[in-house]
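Just below is one structure, and these are the notes that go with it.
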Amino acid sequence: MIPTEEPVVARMGALIRDWEATGNPQAVFLRCYRMMTSNTHVAITRGEFVDPRWVNGFLNRFADYYFKALEVYEVDPPSAPLVWQLAHDTTRDPGTLPVQNLLLGVNAHINFDLVLTLEELLCPEWGSLSREQRGERYHDYTYINDIIARTIDGVQDEILDPVMPVMDILDRLMGRVDELLVSMLIRKWRESVWKHARSLLEAGTDDERKALVDLVEEDALKIGGMIRGLLEPGP
């Protein structure tokens, strides 16, 4: 636990308490997201990043995208990003699994929100950064992969196992294999996100940028569709 709870973590916690009190399946993803965010804040306080101020701003802005999409969905679902419509709609289906809700949220937040967050934060400074400074941004961005990797065990033990006992059985049978596979998948996604953000930064016109954003969301929707399809419960 960090000494003083960060405002964004506190906001997540308040929403989680409300959702858990009503049995809202959306709490599964947000509990995971809060754990990842808290652990990253701990790493900031320990001096594990080159530019902790930038990483802190990045975490807060990244969370803003999640909360904004959620607020839009709650008021007018069709106005929310399509990939978030898929994630949130799925939580309303009692036949889906908690791990589906988790992975669909992770997919939407990483493969869509994260691209836009990176572009927004890097755009004002990218042209003035030296090659070394750009490398430092990339280092801090990819270092979060390590934090995610060491958080995955906690996500399974504290979040998924209580609602899906079968996950505990798989964990005992497979050891750390399943956690390593998830970690590798997220690393792959986040590397693609960096490349997509670079493409957006290099877009020459607004139309070109919009086309790229549309492709990013289309790819995220395809991944979301596969997650939902592959993990559908049997008859």
Side-chain angles (χ1 to χ4, degrees), residues 8 29 33 36-37 40 49-51 53-90 103-145 147-148 183-230:
V8 68
F29 167 73
Y33 186 23
M36 300 287 186
T37 303
T40 305
F49 293 97
V50 175
D51 190 341
R53 183 182 297 274
W54 184 84
V55 176
N56 187 67
F58 162 77
L59 284 181
N60 290 330
R61 189 66 186 114
F62 189 32
D64 286 342
Y65 274 86
Y66 167 76
F67 286 117
K68 178 62 177 177
L70 176 63
E71 290 167 359
V72 172
Y73 180 83
E74 289 179 337
V75 173
D76 181 23
S79 297
L82 294 175
V83 68
W84 274 117
Q85 290 182 43
L86 173 63
H88 291 315
D89 286 349
T90 299
L103 291 178
L104 286 169
V106 172
N107 170 56
H109 203 36
I110 289 181
N111 288 318
F112 186 67
D113 292 349
L114 186 53
V115 178
L116 301 180
T117 304
L118 271 179
E119 180 208 12
E120 177 184 336
L121 293 183
L122 292 175
C123 185
E125 64 175 11
W126 193 249
S128 62
L129 292 179
S130 66
R131 182 174 182 178
E132 180 181 0
Q133 289 170 323
R134 291 183 180 186
E136 290 173 351
R137 288 286 183 263
Y138 179 70
H139 169 274
D140 281 348
Y141 172 77
T142 56
Y143 186 75
I144 294 175
N145 293 337
I147 298 170
I148 292 172
S183 177
M184 289 171 60
L185 176 63
I186 292 177
R187 283 178 185 271
K188 180 179 178 181
W189 283 356
R190 294 186 86 252
E191 185 62 27
S192 294
V193 164
W194 183 267
K195 293 176 181 177
H196 287 319
R198 288 288 305 269
S199 295
L200 289 176
L201 289 170
E202 296 165 3
T205 65
D206 289 343
D207 286 344
E208 182 180 350
R209 179 191 176 280
K210 183 181 183 304
L212 288 170
V213 171
D214 288 345
L215 285 175
V216 166
E217 185 164 42
E218 182 180 333
D219 287 344
L221 282 168
K222 289 178 181 177
I223 293 171
M226 288 189 289
I227 292 170
R228 181 157 187 172
L230 289 173

Residue of the set Y65, Y33, F67 for which ring-ring contact (aromatic ring centres under 6.0 Å, His included) holds with H109 = Y33
Heavy-atom pair with the smallest gap, counting every atom of L104 and A87 | O-CB, 3.9 Å
Do you know which two heavy atoms are closest between G105 and F29, and how far apart they sit?
-> C-CE1, 3.4 Å
Separation of L114 CG from E119 CD (nearest 0.5 Å) = 12.0 Å
Can you check side-chain contact (heavy atoms from CB on, under 4.5 Å) on W194 and R137, steps first, answer last?
-> CA-CA 11 Å; W194 183 267; R137 288 286 183 263; 4.3 Å; yes
To the nearest 0.5 Å, tell me how far T90 OG1 sits from L103 CG.
-> 11.5 Å
From T40 atom OG1 to N56 atom CG, the distance as rounded to the nearest 0.5 Å | 10.5 Å
Side chain Q85, main chain P78, donor-acceptor under 3.5 Å | yes
Examine distances only and state if a side-chain atom of D113 and a backbone atom of F62 form a donor-acceptor pair shorter than 3.5 Å.
-> no
Give a yes or no on whether a salt bridge exists between K222 and E218, defined as a side-chain N under 4.0 angstrom from a carboxylate O.
-> yes
Would you give the length of the straight line joining atom OG1 of T117 to atom CG of N60, rounded to the nearest 0.5 angstrom?
-> 11.0 Å
For I110, the option from V193, L185, I223 that meets side chain to side chain contact (heavy atoms under 4.5 Å, CB included) | V193
Backbone N or O of W126 within a donor-acceptor pair of the R134 side chain at under 3.5 Å?
-> yes
Pair F58 and F49, ring centroids less than 6.0 Å apart = no
Interatomic distance, D64 atom CG to E120 atom CD [nearest 0.5 angstrom] = 8.5 Å
Starting at CZ of R190, measure out to CG of N111 and round the result to the nearest 0.5 Å.
-> 10.5 Å
Minimum heavy-atom separation for A63 to V8, with atom names?
-> CB-CG2, 3.3 Å
Side-chain touch W189/N107, heavy atoms, less than 4.5 angstrom = yes
So which heavy atom on V83 is nearest to which on A220, and how close?
-> CG2-CB, 3.8 Å
Do V213 and E217 have side chains that get closer than 4.5 Å, going by heavy atoms?
-> no
Report yes or no: does D140 contribute a side-chain atom to a donor-acceptor pair with the main-chain N or O of D51 at less than 3.5 Å?
-> yes
When you check the gap from the basic side-chain N to the acidic O, do K210 and D207 get nearer than 4.0 Å?
-> no
Can you check whether I148 reaches I144 side chain to side chain, under 4.5 Å on heavy atoms?
-> yes
Give me the one residue out of L121, V115, L116, L122 that meets side chain to side chain contact (heavy atoms under 4.5 Å, CB included) with L118.
-> L122
For residues K188 and M184, determine if any side-chain heavy atom of one lies less than 4.5 Å from a side-chain heavy atom of the other.
-> no
Side chain proximity check, L221 to F112, heavy atoms < 4.5 angstrom = no
Within a reach of under 6.0 Å around CG of D76, are more than 12 heavy atoms found that belong to other residues, nucleotides or ligands?
-> yes
Can you check side-chain contact (heavy atoms from CB on, under 4.5 Å) on Q133 and E125, steps first, answer last?
-> CA-CA 10 Å; Q133 289 170 323; E125 64 175 11; over 6 Å; no
